[in-house]
Amino acid sequence: MRSYLLSLLLICVLVVRAQDSASVLKPKEMKEVVVKASATRQIGNLTKISITRDMRRGKNSVGEMLGGLPNMYFERPTNTLTYNNSNNYIILIDSIEKNTQAILNMQHIRFSRIEIIFNPTGKYSGYDAVINLVTKRDYEGYEGRLLHNDGLSFNKKYNSKTLIYDNNDFNTSYTRNKVTLSAWGNLNLGYGGFDNWYERYNKTNGMHETVVKNADGSMNYDGRERYPRGMFSMDYMLDKNRSVSVVYNYNGYTQYGNTNNTLLRYFDGNPSDVIALSQTGRSKQSGNVHNSAIFYRDNSGRIKYDMDVNYRYTLHKTLSSMHETTGFSLNNRFLDYDHFLRYRVSGWTLAANDRLNLSGGYLLTWKSYTRKNYDSGLKLNANSYLRNKFWVTSMYSFKNNAKVSLSAWAEHIHLKSGNSTGNQVPVGGNMMMFFQLSKKNWLRFNYDCYVEYPDKGQSSNYGYFSDSLTYMTGNPWLKSNITHAFRFWLDMWWCFNIQGGYNVIPDRIQSVAELREGIMPNGRQGFFAAYVPQNTRYKEWWTSLSFTKRFLKDFVYKADAKLYKAYASFHDESRQDYGLSFSTSLNYYCQRWKTNFFLRYSYDRTALVTPQGKMINNLEYPYVSVQKTLFKNHLDVQLTYYGMFHLFNKESKGEEDTRVRRVTSIDHIYDRHKYRLTLQFVYRFSGGKSVRQYRRDMSDER
């Protein structure tokens with residue numbers, strides 16, 4: 001009992017002394033604890049990202065900021081953004097389509113969050129990704145960017161020009177209250193002088209031709225080109241859920257080319273009787289494309305919807321001539337008119353506790369082509385189509401991070417060529433299964449069925465002779481073909497991506513060479529090669545790997561590889577070949593010096609396969625670049641050097657072997673690109689209420 005009382009007394013004394021000590025000690029402050037919420041939210045194939053200060057730090061443009069996101073990579077020297085090594089994406093601002101390059105050049109200050117849809121359905125079906133940038137509700141300010149760069153070649157053996165291109169670019173945006181004004185412009189000038197080599201054997205008359213070096217040492221091609229482009233848009237926010245936008249876009253081009261070939265020619269049975277002759281030609285191609293659109297979106301109701309009307313007018317001019325010392329001459333002089341009108345409306349809503357997304361839409365497209373003789377104005381060809389397309393999509397999200405999407409579409413196409421009409425009624429659908437294994441690991445399977453629309457090069461060509469024995473035509477009925485695409489996708493740890501797929505086009509429209517007999521340009525009866533559109537079959541297997549990893553804070557390593565094999569056939573004729581691409585790069589950004597160092601090597605072996613031939617292009621592209629930022633992030637100076645070495649075949653080779661002719665062409669493409677230097681200057685400016693606030697908020701960053 002005594003020991004128990006003594007113990008209790010001792011405890012009481014210790015407690016009293018502890019209280020007395022606490023009364024005289026100063027309170028000790030705890031260190032600040034910062035709890036960061038996740039900036040990324042994954043919902044099936046939709047990723048929502050809130051833009052944080054860390055994402056903005058050290059970044060001057062939208063492209064640089066997006067390049068720091070998982071699955072994306074921004075290459076500073078070329079100002080290009082890739083999504084898992086793909087350029088097949090579209091970028092929107094507040095769900096409105098704008099010029100992609102202009103958006104990448106904009107500053108990121110005006111945006112609050114990013115929404116990314118991987119492999120979308122509906123009106124953006126066919127893209128690998130849709131990237132939507134959401135503007136801050138209270139943003140007010142202006143910004144701009146000016147760029148100038150020159151490309152210089154120091155390889156006189158394969159390039160006769162020192163200045164090979166001169167590029168100028170600007171973009172600016174101004175936002176106040178509910179109005180945003182944006183403008184973008186670009187002028188690119190290119191110059192070239194080099195040799196084109198080919199060997200040709202015409203089976204129609206047994207003629208062999210070979211291009212050889214000109215006796216005076218001159219190169220057989222000299223050309224120049226000009227590309228003026230521009231865009232202006234006005235966006236007006238009616239309220240936080242509704243907006244209207246007006247966009248005008250202009251694209252122009254002018255290309256001049258002069259050829260001066262020395263040919264060695266002989267005929268079957270007389271290989272020793274070689275004729276040396278000269279073949280000269282001149283060409284001028286120009287075009288003006290005017291594109292205007294109105295967009296409206298409304299997210300205020302249960303059913304959210306958007307619509308747009310787009311009209312495009314194009315005028316192309318083609319003037320070409322060819323003359324031989326034999327006395328033969330040929331002139332092709334055309335005017336092409338293109339009218340395009342598109343109306344789209346789409347809507348979506350949520351059901352089943354927001355797990356079910358239902359969407360649908362309607363697409364109306366009208367396109368008209370007309371070709372006239374440039375000199376006489378005589379109408380040579382006219383064709384058009386009217387397309388009505390309906391589509392519906394249902395997407396359901398499960399609790400275990402799984403998502404399934406099913407789509408169906410039907411289209412009616414009314415075709416007109418001259419005084420004849422026809423109809424096509426393609427139908428199809430899409431399917432997507434998505435499963436998220438963990439926060440950073442997910443897989444997906446896609447089946448896509450879509451219509452390939454004919455482009456101008458396919459559809460507006462009126463039959464004409466491109467030389468004395470070759471008759472060219474196009475796709476006068478503007479017929480479309482359906483592509484079936486299967487894809488498997490595995491994404492791991494936000495740095496590694498593997499894909500594989502199979503594409504098949506049962507009735508692909510391609511030009512096939514045929515042997516015909518008739519009246520040739522010289523007025524004589526004879527055999528000639530006719531290139532006419534036919535329904536051919538095409539299929540392709542492919543797989544790709546992509547790896548991107550940041551390490552030691554300021555280093556980024558990237559490697560990409562793709563392998564594919566293509567098959568093309570038409571009746572008993574077929575060709576097949578493989579394509580391979582590989583690239584690896586290392587980027588280091590020194591924040592202290594505000595300097596970016598970039599080293600890249602790439603090799604591409606592309607195979608363009610047709611039932612009767614193939615074009616194999618080999619291109620190696622090693623280069624190193626240094627970029628320095630000056631004057632408080634206002635000025636960038638960049639120096640890039642290309643073509644230091646090569647490891648593989650440095651030539652591109654095209655082969656065509658048909659019933660009517662055999663052609664082999666060679667392009668010394670690596671030699672034309674080596675010893676090339678690019679000097680670039682970029683100046684940025686910005687200001688306004690929100691810009692000043694942003695600078696104050698970031699002033700304590702180190």
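Atom set for the values below is all heavy atoms of this structure, side chains included, hydrogens, waters and symmetry mates excluded.
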Assess whether a salt bridge exists between [X] and [Y], defined as any Lys/Arg side-chain N lying under 4.0 Å from an Asp/Glu carboxylate O.
| X | Y | answer |
| --- | --- | --- |
| Asp657 | Lys203 | yes |
| Lys653 | Asp667 | no |
| Asp338 | Arg371 | no |
| Arg387 | Glu411 | yes |
| Arg605 | Asp577 | yes |
| Lys565 | Glu540 | no |

Residue pair [X] / [Y], side-chain donor-acceptor N/O under 3.5 Å:
| X | Y | answer |
| --- | --- | --- |
| His412 | Asn388 | no |
| Asn288 | Tyr313 | no |
| Asn310 | Asn291 | yes |
| Arg297 | Ser243 | yes |
| Asp306 | Ser346 | yes |
| Ser405 | Tyr396 | no |
| Thr393 | Ser407 | yes |
| Asn186 | Arg229 | yes |
| Tyr248 | His290 | yes |
| Asn618 | Glu620 | no |
| Tyr311 | His339 | yes |
| Asp298 | Tyr296 | yes |
| Tyr253 | Gln255 | no |
| Asn497 | Asp491 | yes |
| Glu225 | Tyr227 | yes |
| Thr548 | Lys558 | yes |

Exercise. Kindly determine whether Ile413 and Ser480 satisfy side chain to side chain contact (heavy atoms under 4.5 Å, CB included), including the steps that lead there.
Key: CA-CA 9 Å; Ile413 308 173; Ser480 301; 4.3 Å; yes
If I compare all heavy atoms of [X] with all of [Y], which pair ends up nearest, and what's the gap?
| X | Y | result |
| --- | --- | --- |
| Tyr564 | Thr606 | OH-CA, 3.5 Å |
| Trp391 | Tyr362 | NE1-N, 4.2 Å |
| Asp507 | Asn481 | O-CB, 3.1 Å |
| Thr473 | Val532 | CG2-CA, 3.2 Å |
| Ile509 | Pro533 | CG2-CB, 3.8 Å |
| Ala402 | Phe435 | CB-CD1, 3.7 Å |

I need the [X] [atom1] to [Y] [atom2] distance, nearest 0.5 Å.
| X | Y | atom1 | atom2 | answer |
| --- | --- | --- | --- | --- |
| Ser583 | Tyr73 | OG | OH | 8.5 Å |
| Asn383 | Ser368 | CG | OG | 7.5 Å |
| Met431 | Asn446 | CE | CG | 8.5 Å |
| Thr82 | Asp560 | OG1 | CG | 6.5 Å |
| Ile49 | Ile116 | CD1 | CD1 | 4.0 Å |
| Asp604 | Ser581 | CG | OG | 5.5 Å |

Self-check item: Chi angles and distances behind the salt bridge (charged side-chain N to carboxylate O under 4.0 Å, His left out) call for Glu656, Lys614
Solution: CA-CA 6 Å; Glu656 177 189 334; Lys614 55 188 176 181; over 6 Å; no
With a 4.5 Å limit on heavy-atom distance, are the side chains of [X] and [Y] in contact?
| X | Y | answer |
| --- | --- | --- |
| Ile505 | His484 | no |
| Arg661 | Thr204 | no |
| Trp409 | Lys389 | yes |
| Gln612 | Val512 | yes |
| Val134 | Asp94 | yes |
| Asn105 | Val62 | no |
| Pro611 | Gln510 | yes |
| Asn79 | Phe74 | yes |

Between the side chain of [X] and the main-chain N/O of [Y], is any donor-acceptor distance below 3.5 Å?
| X | Y | result |
| --- | --- | --- |
| Thr349 | Arg302 | yes |
| Thr543 | Gln499 | yes |
| Thr370 | Ala382 | no |
| Asp448 | Ala485 | no |
| Arg508 | Thr483 | no |
| Gln436 | Ser438 | yes |

Give a yes or no on whether the ring-centroid distance for [X] and [Y] is below 6.0 angstrom.
| X | Y | result |
| --- | --- | --- |
| Phe486 | Tyr447 | yes |
| Trp442 | Phe434 | yes |
| Tyr621 | Tyr601 | no |
| Tyr89 | Tyr83 | no |

Practice problem: Would you check, one step at a time, whether the test side chain to side chain contact (heavy atoms under 4.5 Å, CB included) holds for Thr365 with Tyr343? | Solution: CA-CA 7 Å; Thr365 306; Tyr343 170 73; over 6 Å; no
Self-check item: Verdict with reasoning, Trp348 to Ile303, per side chain to side chain contact (heavy atoms under 4.5 Å, CB included)
Solution: CA-CA 6 Å; Trp348 63 277; Ile303 299 178; over 6 Å; no
Exercise. State whether the number of non-hydrogen atoms from other residues, nucleotides or ligands found under 6.0 Å of Lys304 atom NZ is greater than 12.
Key: yes
Quiz item: Should Asp308 and Arg342 be marked as a salt bridge (charged side-chain N to carboxylate O under 4.0 Å, His left out) after you check the CA-CA gap, both sets of side-chain angles, and the distance that decides it?
Solution: CA-CA 8 Å; Asp308 63 82; Arg342 183 189 68 195; 3.6 Å; yes
